[in-house]
Amino acid sequence: MRVQLAERLLDRQIVDVDGLLVGRVDDIAFAVDDEGFPYVDCLLTGQGALGERIGGRVGRLLVAVADRFTDDPSVPPLRVPLSQVARVDSAVRLRCPAADLPPSPVEAWLRRHLIERIPGSGRASG
Amino acid sequence: MRKLFAATLGVLSAVGGFVDIGDVVAASQAGALFGMAHTWVLLVGVVGICAYAEMAGRIAAVSGRAVFDLVRERLGPRVALLNLVASWLVTVVTLAAELGGVALALQLATRLSHLFWVPLAALAVWLVLWRLRFELMERIFGLAGLALLVFAVALVALPTDWPALGQGVWQVGASGHGWPLYWFVAVALFASTVSPYEVFFFSSGGVEERWSAADLARARSNVLTGFPVGGFLALSLIAVATVAYHPSGASLSTLDEVARPVATALGGAGLAAAVLAFFAVTFGAALETGLSAAYAAAQYFGWQWGKRVRPREAARFHSVLLVGLLLGVVMLMTTVDPVRLTEYMLVLSAVVLPLTYLPILVVANDRGYLGDRVNGRWTNLLGAVFLVLIVAASVAAIPLAVMTGMGR
(Lines give C-alpha, C1' and ligand atoms only; values in the text may rest on other atoms or scores of the structure.)
Protein backbone atom coordinates (compact mmCIF):
# COMPACT_ATOMS: atom_id res chain seq x y z
CA MET A 1 0.00 0.00 0.00
CA ARG A 2 2.81 2.32 0.95
CA VAL A 3 4.57 1.75 -2.35
CA GLN A 4 1.40 2.49 -4.32
CA LEU A 5 0.77 5.71 -2.44
CA ALA A 6 4.30 6.86 -3.12
CA GLU A 7 4.00 6.02 -6.80
CA ARG A 8 0.57 7.54 -7.26
CA LEU A 9 0.90 10.70 -5.23
CA LEU A 10 4.36 11.68 -4.01
CA ASP A 11 6.23 14.19 -6.20
CA ARG A 12 3.27 14.68 -8.56
CA GLN A 13 2.47 18.15 -9.83
CA ILE A 14 -0.64 19.68 -8.23
CA VAL A 15 -2.80 21.57 -10.75
CA ASP A 16 -5.82 23.70 -9.85
CA VAL A 17 -9.18 23.67 -11.62
CA ASP A 18 -8.02 26.37 -14.09
CA GLY A 19 -4.74 24.65 -14.93
CA LEU A 20 -2.56 26.86 -12.72
CA LEU A 21 0.33 25.10 -10.99
CA VAL A 22 -0.04 24.96 -7.21
CA GLY A 23 3.08 23.00 -6.26
CA ARG A 24 4.22 19.42 -5.95
CA VAL A 25 3.13 16.77 -3.50
CA ASP A 26 6.19 17.19 -1.29
CA ASP A 27 4.84 15.05 1.54
CA ILE A 28 1.68 13.36 2.74
CA ALA A 29 -0.04 13.84 6.13
CA PHE A 30 -1.90 10.93 7.69
CA ALA A 31 -4.62 10.96 10.29
CA VAL A 32 -6.27 8.16 12.29
CA ASP A 33 -10.03 7.64 12.17
CA ASP A 34 -12.31 6.69 15.10
CA GLU A 35 -11.66 2.99 14.67
CA GLY A 36 -7.90 3.47 14.67
CA PHE A 37 -7.32 3.10 10.91
CA PRO A 38 -4.82 5.54 9.39
CA TYR A 39 -5.90 7.42 6.27
CA VAL A 40 -4.44 10.07 4.00
CA ASP A 41 -5.63 13.40 5.34
CA CYS A 42 -3.76 16.10 3.41
CA LEU A 43 -1.21 16.56 0.67
CA LEU A 44 1.61 18.83 1.82
CA THR A 45 3.41 21.17 -0.52
CA GLY A 46 6.15 23.72 0.03
CA GLN A 47 9.91 23.87 0.06
CA GLY A 48 9.94 23.36 3.84
CA ALA A 49 8.00 20.10 3.59
CA LEU A 50 10.31 18.92 0.82
CA GLY A 51 13.37 19.82 2.87
CA GLU A 52 12.10 17.87 5.85
CA ARG A 53 11.34 14.88 3.67
CA ILE A 54 14.78 14.90 2.02
CA GLY A 55 16.47 15.43 5.39
CA GLY A 56 20.17 15.78 6.07
CA ARG A 57 22.24 18.82 5.23
CA VAL A 58 20.59 19.34 1.85
CA GLY A 59 17.13 19.21 3.40
CA ARG A 60 18.06 21.73 6.08
CA LEU A 61 19.47 24.02 3.40
CA LEU A 62 16.16 23.91 1.49
CA VAL A 63 14.25 24.77 4.67
CA ALA A 64 16.69 27.59 5.49
CA VAL A 65 16.35 29.11 2.01
CA ALA A 66 12.57 28.96 2.25
CA ASP A 67 12.66 30.59 5.69
CA ARG A 68 14.93 33.37 4.43
CA PHE A 69 12.35 34.40 1.84
CA THR A 70 9.35 34.66 4.12
CA ASP A 71 8.28 37.38 6.53
CA ASP A 72 7.34 34.94 9.25
CA PRO A 73 9.88 32.08 9.27
CA SER A 74 9.20 28.43 9.87
CA VAL A 75 5.88 28.64 8.06
CA PRO A 76 3.96 25.37 7.95
CA PRO A 77 3.60 23.72 4.53
CA LEU A 78 0.50 24.35 2.47
CA ARG A 79 -2.06 21.63 3.28
CA VAL A 80 -4.34 20.45 0.50
CA PRO A 81 -7.22 18.38 1.94
CA LEU A 82 -7.81 15.19 0.03
CA SER A 83 -11.45 16.25 -0.37
CA GLN A 84 -10.25 18.98 -2.80
CA VAL A 85 -8.63 16.43 -5.12
CA ALA A 86 -10.80 15.76 -8.15
CA ARG A 87 -8.63 13.11 -9.80
CA VAL A 88 -5.09 11.85 -10.10
CA ASP A 89 -3.62 11.17 -13.53
CA SER A 90 -0.15 12.35 -14.58
CA ALA A 91 -0.86 15.22 -12.16
CA VAL A 92 -3.00 15.74 -9.05
CA ARG A 93 -5.97 17.79 -10.26
CA LEU A 94 -7.92 19.88 -7.75
CA ARG A 95 -11.60 20.80 -7.89
CA CYS A 96 -10.97 24.33 -6.56
CA PRO A 97 -9.03 27.34 -7.91
CA ALA A 98 -5.58 28.02 -6.42
CA ALA A 99 -6.94 31.29 -4.97
CA ASP A 100 -9.08 29.29 -2.51
CA LEU A 101 -5.95 27.81 -0.93
CA PRO A 102 -3.58 29.83 1.26
CA PRO A 103 -0.83 31.36 -0.93
CA SER A 104 2.73 30.04 -0.85
CA PRO A 105 4.67 32.28 1.58
CA VAL A 106 7.84 32.34 -0.55
CA GLU A 107 5.87 33.18 -3.70
CA ALA A 108 4.05 35.97 -1.81
CA TRP A 109 7.30 37.33 -0.36
CA LEU A 110 9.10 37.45 -3.72
CA ARG A 111 6.01 38.95 -5.36
CA ARG A 112 5.75 41.71 -2.78
CA HIS A 113 9.44 42.52 -2.42
CA LEU A 114 10.74 41.98 -5.96
CA ILE A 115 8.53 41.13 -8.91
CA GLU A 116 5.60 43.46 -8.21
CA ARG A 117 8.00 46.40 -7.98
CA ILE A 118 9.00 45.94 -11.62
CA PRO A 119 6.74 47.79 -14.07
CA GLY A 120 4.70 45.45 -16.23
CA SER A 121 4.50 42.63 -13.71
CA GLY A 122 0.72 42.53 -14.04
CA ARG A 123 0.73 41.85 -17.78
CA ALA A 124 1.60 38.48 -19.31
CA SER A 125 3.98 38.69 -22.26
CA GLY A 126 2.46 35.57 -23.84
CA MET B 1 -0.41 29.68 -48.34
CA ARG B 2 -0.64 31.10 -44.89
CA LYS B 3 -0.09 27.66 -43.38
CA LEU B 4 2.94 27.13 -45.58
CA PHE B 5 4.31 30.46 -44.44
CA ALA B 6 3.82 29.58 -40.78
CA ALA B 7 5.45 26.18 -41.33
CA THR B 8 8.46 27.81 -43.00
CA LEU B 9 8.79 30.22 -40.10
CA GLY B 10 8.75 27.31 -37.65
CA VAL B 11 11.54 25.56 -39.53
CA LEU B 12 13.58 28.75 -39.76
CA SER B 13 13.32 29.40 -36.03
CA ALA B 14 14.49 25.84 -35.38
CA VAL B 15 17.50 26.56 -37.62
CA GLY B 16 18.38 29.74 -35.74
CA GLY B 17 17.75 28.11 -32.38
CA PHE B 18 20.20 25.34 -33.15
CA VAL B 19 23.38 27.39 -33.56
CA ASP B 20 24.91 29.26 -30.61
CA ILE B 21 28.26 30.50 -29.29
CA GLY B 22 29.33 26.92 -28.55
CA ASP B 23 28.87 25.89 -32.19
CA VAL B 24 30.63 29.01 -33.47
CA VAL B 25 33.67 28.44 -31.25
CA ALA B 26 33.87 24.64 -31.47
CA ALA B 27 33.20 24.41 -35.23
CA SER B 28 35.75 27.11 -36.10
CA GLN B 29 38.31 25.57 -33.75
CA ALA B 30 37.76 22.14 -35.31
CA GLY B 31 38.17 23.53 -38.83
CA ALA B 32 41.30 25.53 -38.06
CA LEU B 33 43.09 22.68 -36.28
CA PHE B 34 41.87 19.56 -38.06
CA GLY B 35 40.20 20.64 -41.29
CA MET B 36 37.07 18.71 -42.17
CA ALA B 37 38.06 15.72 -40.04
CA HIS B 38 35.26 16.35 -37.50
CA THR B 39 32.40 16.34 -39.99
CA TRP B 40 31.24 12.94 -38.77
CA VAL B 41 30.91 14.28 -35.19
CA LEU B 42 28.56 16.99 -36.39
CA LEU B 43 26.56 14.47 -38.39
CA VAL B 44 26.20 12.07 -35.44
CA GLY B 45 25.25 14.97 -33.15
CA VAL B 46 22.53 16.20 -35.50
CA VAL B 47 21.00 12.72 -35.86
CA GLY B 48 21.04 12.32 -32.06
CA ILE B 49 19.54 15.70 -31.21
CA CYS B 50 16.82 15.13 -33.84
CA ALA B 51 15.91 11.78 -32.28
CA TYR B 52 15.82 13.15 -28.74
CA ALA B 53 14.10 16.43 -29.61
CA GLU B 54 11.41 14.39 -31.33
CA MET B 55 10.95 12.33 -28.15
CA ALA B 56 10.86 15.45 -25.96
CA GLY B 57 8.34 17.08 -28.31
CA ARG B 58 6.17 13.96 -28.29
CA ILE B 59 6.22 13.86 -24.47
CA ALA B 60 5.24 17.56 -24.34
CA ALA B 61 2.45 17.20 -26.89
CA VAL B 62 0.90 14.00 -25.56
CA SER B 63 1.22 14.48 -21.79
CA GLY B 64 1.30 18.30 -21.72
CA ARG B 65 4.35 18.07 -19.46
CA ALA B 66 7.89 19.27 -20.02
CA VAL B 67 10.75 16.82 -19.68
CA PHE B 68 12.22 18.23 -16.48
CA ASP B 69 8.74 18.21 -15.02
CA LEU B 70 8.77 14.40 -15.14
CA VAL B 71 12.33 13.87 -13.93
CA ARG B 72 11.43 14.21 -10.26
CA GLU B 73 8.54 11.76 -10.49
CA ARG B 74 10.82 9.22 -12.12
CA LEU B 75 14.04 9.71 -10.14
CA GLY B 76 12.76 10.78 -6.73
CA PRO B 77 13.44 14.13 -5.04
CA ARG B 78 17.09 13.54 -4.05
CA VAL B 79 18.55 12.37 -7.36
CA ALA B 80 16.39 14.86 -9.23
CA LEU B 81 17.71 17.66 -7.01
CA LEU B 82 21.27 16.68 -7.86
CA ASN B 83 20.28 16.64 -11.53
CA LEU B 84 18.63 20.06 -11.13
CA VAL B 85 21.64 21.66 -9.46
CA ALA B 86 24.07 20.32 -12.09
CA SER B 87 21.84 21.20 -15.04
CA TRP B 88 21.01 24.63 -13.64
CA LEU B 89 24.66 25.52 -13.07
CA VAL B 90 25.73 24.36 -16.54
CA THR B 91 22.83 26.21 -18.14
CA VAL B 92 23.77 29.41 -16.29
CA VAL B 93 27.41 29.06 -17.40
CA THR B 94 26.06 28.60 -20.93
CA LEU B 95 23.95 31.73 -20.48
CA ALA B 96 27.08 33.62 -19.42
CA ALA B 97 28.94 32.36 -22.49
CA GLU B 98 26.07 33.43 -24.77
CA LEU B 99 25.93 36.88 -23.13
CA GLY B 100 29.67 37.08 -23.67
CA GLY B 101 29.07 36.22 -27.32
CA VAL B 102 26.50 39.02 -27.65
CA ALA B 103 28.98 41.43 -26.07
CA LEU B 104 31.80 40.27 -28.38
CA ALA B 105 29.56 40.73 -31.43
CA LEU B 106 28.78 44.27 -30.26
CA GLN B 107 32.49 44.85 -29.66
CA LEU B 108 33.18 43.79 -33.25
CA ALA B 109 30.53 46.23 -34.46
CA THR B 110 31.47 49.21 -32.29
CA ARG B 111 35.08 48.66 -31.13
CA LEU B 112 33.94 49.36 -27.56
CA SER B 113 35.20 46.81 -25.02
CA HIS B 114 32.88 43.82 -24.57
CA LEU B 115 32.81 44.48 -20.82
CA PHE B 116 30.90 47.66 -21.52
CA TRP B 117 28.26 45.70 -23.44
CA VAL B 118 27.80 42.82 -20.98
CA PRO B 119 25.36 44.55 -18.56
CA LEU B 120 23.47 46.14 -21.44
CA ALA B 121 23.17 42.80 -23.22
CA ALA B 122 21.85 41.17 -20.04
CA LEU B 123 19.34 43.99 -19.57
CA ALA B 124 18.17 43.64 -23.17
CA VAL B 125 17.79 39.86 -22.78
CA TRP B 126 15.75 40.36 -19.63
CA LEU B 127 13.53 43.01 -21.27
CA VAL B 128 12.80 40.71 -24.21
CA LEU B 129 11.90 37.87 -21.83
CA TRP B 130 9.76 40.19 -19.71
CA ARG B 131 7.80 41.69 -22.57
CA LEU B 132 8.08 39.97 -25.96
CA ARG B 133 5.67 37.24 -27.04
CA PHE B 134 7.20 33.77 -27.07
CA GLU B 135 6.56 33.02 -30.74
CA LEU B 136 7.68 36.44 -31.94
CA MET B 137 10.86 36.15 -29.87
CA GLU B 138 11.70 32.76 -31.40
CA ARG B 139 11.06 33.97 -34.94
CA ILE B 140 12.94 37.27 -34.83
CA PHE B 141 16.16 35.74 -33.53
CA GLY B 142 15.76 32.53 -35.53
CA LEU B 143 15.40 34.46 -38.78
CA ALA B 144 18.25 36.88 -38.01
CA GLY B 145 20.43 33.89 -37.16
CA LEU B 146 20.11 32.75 -40.76
CA ALA B 147 22.60 35.52 -41.58
CA LEU B 148 25.11 32.77 -40.75
CA LEU B 149 24.51 31.64 -44.34
CA VAL B 150 27.12 34.28 -45.16
CA PHE B 151 29.72 31.66 -44.19
CA ALA B 152 28.43 29.31 -46.88
CA VAL B 153 28.46 32.21 -49.38
CA ALA B 154 32.00 33.15 -48.34
CA LEU B 155 33.08 29.60 -49.08
CA VAL B 156 32.11 30.14 -52.73
CA ALA B 157 33.98 33.45 -52.87
CA LEU B 158 37.11 32.13 -51.18
CA PRO B 159 39.67 30.16 -53.24
CA THR B 160 38.12 26.94 -52.01
CA ASP B 161 39.60 23.68 -53.28
CA TRP B 162 36.29 21.78 -53.25
CA PRO B 163 37.62 18.30 -54.04
CA ALA B 164 40.22 18.62 -51.27
CA LEU B 165 37.54 19.87 -48.88
CA GLY B 166 35.37 16.88 -49.77
CA GLN B 167 38.22 14.44 -49.32
CA GLY B 168 39.04 16.00 -45.97
CA VAL B 169 35.72 14.70 -44.66
CA TRP B 170 36.96 11.12 -45.04
CA GLN B 171 40.52 11.74 -43.88
CA VAL B 172 40.00 11.45 -40.15
CA GLY B 173 43.42 12.27 -38.76
CA ALA B 174 45.13 14.23 -36.03
CA SER B 175 46.95 16.60 -38.45
CA GLY B 176 50.08 16.47 -36.30
CA HIS B 177 48.29 17.86 -33.21
CA GLY B 178 47.97 14.49 -31.49
CA TRP B 179 44.90 12.34 -30.90
CA PRO B 180 44.04 13.71 -27.42
CA LEU B 181 43.48 17.16 -28.93
CA TYR B 182 41.48 15.62 -31.80
CA TRP B 183 39.16 13.90 -29.35
CA PHE B 184 38.97 16.92 -27.08
CA VAL B 185 37.72 19.03 -29.99
CA ALA B 186 35.39 16.19 -30.99
CA VAL B 187 33.80 16.12 -27.52
CA ALA B 188 33.44 19.93 -27.48
CA LEU B 189 31.82 19.96 -30.93
CA PHE B 190 29.52 17.10 -29.93
CA ALA B 191 28.49 18.91 -26.73
CA SER B 192 27.78 22.10 -28.68
CA THR B 193 25.53 20.19 -31.06
CA VAL B 194 23.49 18.43 -28.39
CA SER B 195 23.47 21.16 -25.68
CA PRO B 196 21.10 20.08 -22.87
CA TYR B 197 19.29 23.43 -22.82
CA GLU B 198 18.03 22.85 -26.37
CA VAL B 199 15.93 19.94 -25.11
CA PHE B 200 14.68 21.75 -21.96
CA PHE B 201 13.73 24.70 -24.08
CA PHE B 202 12.13 22.71 -26.85
CA SER B 203 9.90 20.67 -24.55
CA SER B 204 8.97 23.55 -22.20
CA GLY B 205 8.29 25.75 -25.22
CA GLY B 206 5.97 23.04 -26.52
CA VAL B 207 4.03 23.17 -23.26
CA GLU B 208 3.97 27.00 -23.32
CA GLU B 209 2.61 26.99 -26.87
CA ARG B 210 0.08 24.34 -25.76
CA TRP B 211 0.94 21.67 -28.29
CA SER B 212 -1.55 18.87 -28.53
CA ALA B 213 -1.22 15.56 -30.31
CA ALA B 214 -2.49 17.41 -33.42
CA ASP B 215 0.53 19.77 -33.41
CA LEU B 216 2.91 16.87 -33.11
CA ALA B 217 3.45 16.40 -36.85
CA ARG B 218 4.28 20.07 -37.32
CA ALA B 219 6.65 20.17 -34.35
CA ARG B 220 8.35 17.03 -35.61
CA SER B 221 8.83 18.37 -39.13
CA ASN B 222 10.17 21.70 -37.77
CA VAL B 223 12.86 19.86 -35.86
CA LEU B 224 13.65 17.26 -38.48
CA THR B 225 14.18 19.96 -41.11
CA GLY B 226 15.45 22.80 -38.94
CA PHE B 227 18.16 21.02 -36.97
CA PRO B 228 19.86 19.48 -40.04
CA VAL B 229 19.91 22.90 -41.72
CA GLY B 230 21.43 24.26 -38.49
CA GLY B 231 23.98 21.47 -38.75
CA PHE B 232 24.73 22.60 -42.30
CA LEU B 233 25.43 26.13 -41.00
CA ALA B 234 27.83 24.70 -38.42
CA LEU B 235 29.46 22.66 -41.20
CA SER B 236 29.99 25.83 -43.24
CA LEU B 237 31.74 27.35 -40.20
CA ILE B 238 34.08 24.33 -40.10
CA ALA B 239 34.67 24.62 -43.85
CA VAL B 240 35.48 28.35 -43.79
CA ALA B 241 37.93 27.85 -40.91
CA THR B 242 39.45 24.91 -42.81
CA VAL B 243 40.02 26.96 -45.96
CA ALA B 244 41.31 30.02 -44.12
CA TYR B 245 43.34 28.55 -41.27
CA HIS B 246 43.86 24.82 -41.64
CA PRO B 247 46.99 24.85 -43.81
CA SER B 248 48.89 26.63 -41.03
CA GLY B 249 46.95 24.87 -38.27
CA ALA B 250 46.65 27.99 -36.12
CA SER B 251 44.36 27.82 -33.08
CA LEU B 252 41.59 30.44 -33.05
CA SER B 253 41.10 32.44 -29.90
CA THR B 254 38.78 35.34 -30.83
CA LEU B 255 35.46 35.84 -32.59
CA ASP B 256 37.25 38.37 -34.74
CA GLU B 257 39.40 35.61 -36.23
CA VAL B 258 36.31 33.53 -36.93
CA ALA B 259 34.75 36.37 -38.94
CA ARG B 260 37.93 37.52 -40.72
CA PRO B 261 37.78 35.07 -43.67
CA VAL B 262 34.25 36.28 -44.43
CA ALA B 263 35.47 39.90 -44.46
CA THR B 264 38.34 38.92 -46.76
CA ALA B 265 36.01 37.13 -49.15
CA LEU B 266 33.01 39.46 -49.17
CA GLY B 267 34.28 42.77 -47.78
CA GLY B 268 32.46 45.02 -45.35
CA ALA B 269 28.99 43.70 -46.19
CA GLY B 270 30.15 40.16 -45.44
CA LEU B 271 31.63 41.22 -42.12
CA ALA B 272 28.41 43.06 -41.23
CA ALA B 273 26.36 39.94 -41.99
CA ALA B 274 28.72 37.79 -39.90
CA VAL B 275 28.49 40.19 -36.96
CA LEU B 276 24.69 40.29 -37.26
CA ALA B 277 24.66 36.50 -37.32
CA PHE B 278 26.87 36.25 -34.22
CA PHE B 279 24.64 38.74 -32.44
CA ALA B 280 21.41 37.00 -33.40
CA VAL B 281 22.45 33.44 -32.58
CA THR B 282 24.05 34.35 -29.25
CA PHE B 283 21.19 36.65 -28.22
CA GLY B 284 18.64 34.01 -29.21
CA ALA B 285 20.56 31.38 -27.26
CA ALA B 286 20.85 33.71 -24.25
CA LEU B 287 17.04 33.95 -24.23
CA GLU B 288 16.73 30.18 -24.47
CA THR B 289 19.31 29.41 -21.78
CA GLY B 290 17.92 32.08 -19.43
CA LEU B 291 14.44 30.60 -19.72
CA SER B 292 15.70 27.01 -19.59
CA ALA B 293 17.49 27.52 -16.26
CA ALA B 294 14.35 28.99 -14.72
CA TYR B 295 12.14 26.29 -16.30
CA ALA B 296 14.27 23.55 -14.74
CA ALA B 297 14.06 25.02 -11.23
CA ALA B 298 10.34 25.84 -11.42
CA GLN B 299 9.47 22.41 -12.79
CA TYR B 300 11.42 20.60 -10.07
CA PHE B 301 9.61 22.49 -7.29
CA GLY B 302 6.24 22.61 -9.04
CA TRP B 303 6.09 26.42 -9.17
CA GLN B 304 3.96 28.25 -11.67
CA TRP B 305 6.21 28.99 -14.67
CA GLY B 306 6.08 30.39 -18.14
CA LYS B 307 5.54 33.53 -20.14
CA ARG B 308 1.80 33.01 -20.56
CA VAL B 309 0.93 33.95 -16.98
CA ARG B 310 1.42 37.38 -15.45
CA PRO B 311 4.90 37.68 -13.89
CA ARG B 312 3.36 38.51 -10.49
CA GLU B 313 1.71 35.09 -10.56
CA ALA B 314 5.02 33.38 -11.31
CA ALA B 315 7.18 35.39 -8.91
CA ARG B 316 9.53 32.54 -8.00
CA PHE B 317 10.04 31.65 -11.67
CA HIS B 318 10.87 35.24 -12.59
CA SER B 319 13.13 35.62 -9.53
CA VAL B 320 15.18 32.57 -10.53
CA LEU B 321 15.37 33.96 -14.06
CA LEU B 322 16.81 37.21 -12.68
CA VAL B 323 19.29 35.37 -10.45
CA GLY B 324 20.56 33.37 -13.45
CA LEU B 325 21.05 36.51 -15.54
CA LEU B 326 22.83 38.34 -12.72
CA LEU B 327 25.14 35.36 -12.13
CA GLY B 328 25.95 35.36 -15.83
CA VAL B 329 26.87 39.05 -15.71
CA VAL B 330 29.01 38.50 -12.59
CA MET B 331 30.89 35.65 -14.28
CA LEU B 332 31.71 37.83 -17.29
CA MET B 333 32.66 40.81 -15.12
CA THR B 334 35.54 38.78 -13.69
CA THR B 335 36.99 39.69 -17.14
CA VAL B 336 37.17 36.04 -18.14
CA ASP B 337 37.59 35.76 -21.91
CA PRO B 338 34.14 34.75 -23.29
CA VAL B 339 35.71 32.38 -25.84
CA ARG B 340 37.61 30.62 -23.03
CA LEU B 341 34.42 30.55 -20.98
CA THR B 342 32.68 28.92 -23.94
CA GLU B 343 35.34 26.20 -24.04
CA TYR B 344 34.89 25.49 -20.33
CA MET B 345 31.13 25.55 -20.79
CA LEU B 346 31.36 22.90 -23.52
CA VAL B 347 33.41 20.58 -21.29
CA LEU B 348 30.91 21.00 -18.43
CA SER B 349 27.99 20.43 -20.83
CA ALA B 350 29.58 17.22 -22.04
CA VAL B 351 29.90 15.99 -18.46
CA VAL B 352 26.22 16.54 -17.60
CA LEU B 353 24.79 15.31 -20.93
CA PRO B 354 23.58 11.92 -19.58
CA LEU B 355 21.57 13.70 -16.84
CA THR B 356 19.36 15.21 -19.55
CA TYR B 357 19.22 12.47 -22.12
CA LEU B 358 18.72 9.37 -19.97
CA PRO B 359 15.45 10.62 -18.39
CA ILE B 360 14.07 11.49 -21.83
CA LEU B 361 14.67 7.96 -23.08
CA VAL B 362 13.09 6.52 -19.92
CA VAL B 363 9.99 8.73 -20.04
CA ALA B 364 9.58 8.23 -23.81
CA ASN B 365 9.05 4.54 -23.02
CA ASP B 366 6.53 5.10 -20.21
CA ARG B 367 2.97 4.18 -21.16
CA GLY B 368 1.67 6.00 -18.09
CA TYR B 369 2.55 9.30 -19.77
CA LEU B 370 2.49 8.46 -23.46
CA GLY B 371 -0.08 5.69 -23.87
CA ASP B 372 0.52 4.03 -27.21
CA ARG B 373 2.74 6.92 -28.40
CA VAL B 374 5.79 5.38 -26.69
CA ASN B 375 9.02 4.85 -28.64
CA GLY B 376 9.07 2.22 -31.34
CA ARG B 377 11.82 -0.37 -31.57
CA TRP B 378 13.98 1.61 -34.03
CA THR B 379 13.72 4.86 -32.11
CA ASN B 380 14.82 2.99 -28.98
CA LEU B 381 17.74 1.42 -30.80
CA LEU B 382 18.85 4.81 -32.13
CA GLY B 383 18.29 6.37 -28.69
CA ALA B 384 20.29 3.68 -26.93
CA VAL B 385 23.24 3.85 -29.33
CA PHE B 386 23.27 7.61 -28.98
CA LEU B 387 23.12 7.33 -25.20
CA VAL B 388 26.26 5.16 -25.25
CA LEU B 389 28.05 7.91 -27.20
CA ILE B 390 26.81 10.53 -24.74
CA VAL B 391 28.09 8.56 -21.76
CA ALA B 392 31.44 8.06 -23.53
CA ALA B 393 31.72 11.81 -24.21
CA SER B 394 30.72 12.57 -20.62
CA VAL B 395 33.33 10.24 -19.13
CA ALA B 396 36.09 11.34 -21.51
CA ALA B 397 35.50 15.11 -21.24
CA ILE B 398 37.47 15.89 -18.07
CA PRO B 399 40.44 13.54 -18.73
CA LEU B 400 40.78 14.97 -22.24
CA ALA B 401 40.55 18.53 -20.94
CA VAL B 402 43.33 17.80 -18.45
CA MET B 403 45.53 15.94 -20.97
CA THR B 404 45.31 18.74 -23.54
CA GLY B 405 45.39 21.65 -21.07
CA MET B 406 41.89 22.74 -22.26
CA GLY B 407 42.95 22.39 -25.89
CA ARG B 408 45.95 24.69 -25.85
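Because the structure is a prediction, the values reported are computed rather than measured. Letters A, B, ... are given to chains in the order of the sequence lines, protein chains preceding strands, and every chain is numbered from 1.
For the pair B/Leu82 and A/Val58, the minimum side-chain heavy-atom distance is 4.5 Å or more. Residues B/Arg316 and A/Ser104 have side chains in contact (heavy-atom distance under 4.5 Å, counting atoms from C-beta outward). Residues B/Pro311 and A/Ile118 are not in side-chain contact: their nearest non-hydrogen atoms beyond the backbone lie 4.5 Å or more apart. Looking at A/Leu50 and B/Arg72, their side chains come closer than 4.5 Å, going by heavy atoms from C-beta outward.
Looking at B/Leu129, only its backbone comes within 4.5 Å of chain A, counting heavy atoms on both sides. Residue contact with chain A, scored on non-hydrogen atoms closer than 4.5 Å, involves the side chain of B/Tyr369 exclusively. For chain A, the nearby part of B/Ala314 is the backbone; its heavy atoms alone come within less than 4.5 Å. Proximity to chain A (any heavy atom under 4.5 Å) is restricted, for B/Arg65, to the side chain, taken from C-beta onward.
Put simply, of A/Val15, A/Asp89, A/Asp26, the one with the most heavy-atom pairs under 4.5 Å next to chain B is A/Asp26.
Contact check on A/Arg111 versus B/Glu313 returns no salt bridge, with no Lys/Arg side-chain nitrogen under 4.0 Å from an Asp/Glu carboxylate oxygen.
One distance of note links CZ of A/Arg24 with OH of B/Tyr300; it measures 9.0 Å at 0.5 Å rounding.
A distance-only check finds a donor-acceptor pair linking the side chain of A/Glu107 to the backbone of B/Ala315 [under 3.5 Å].
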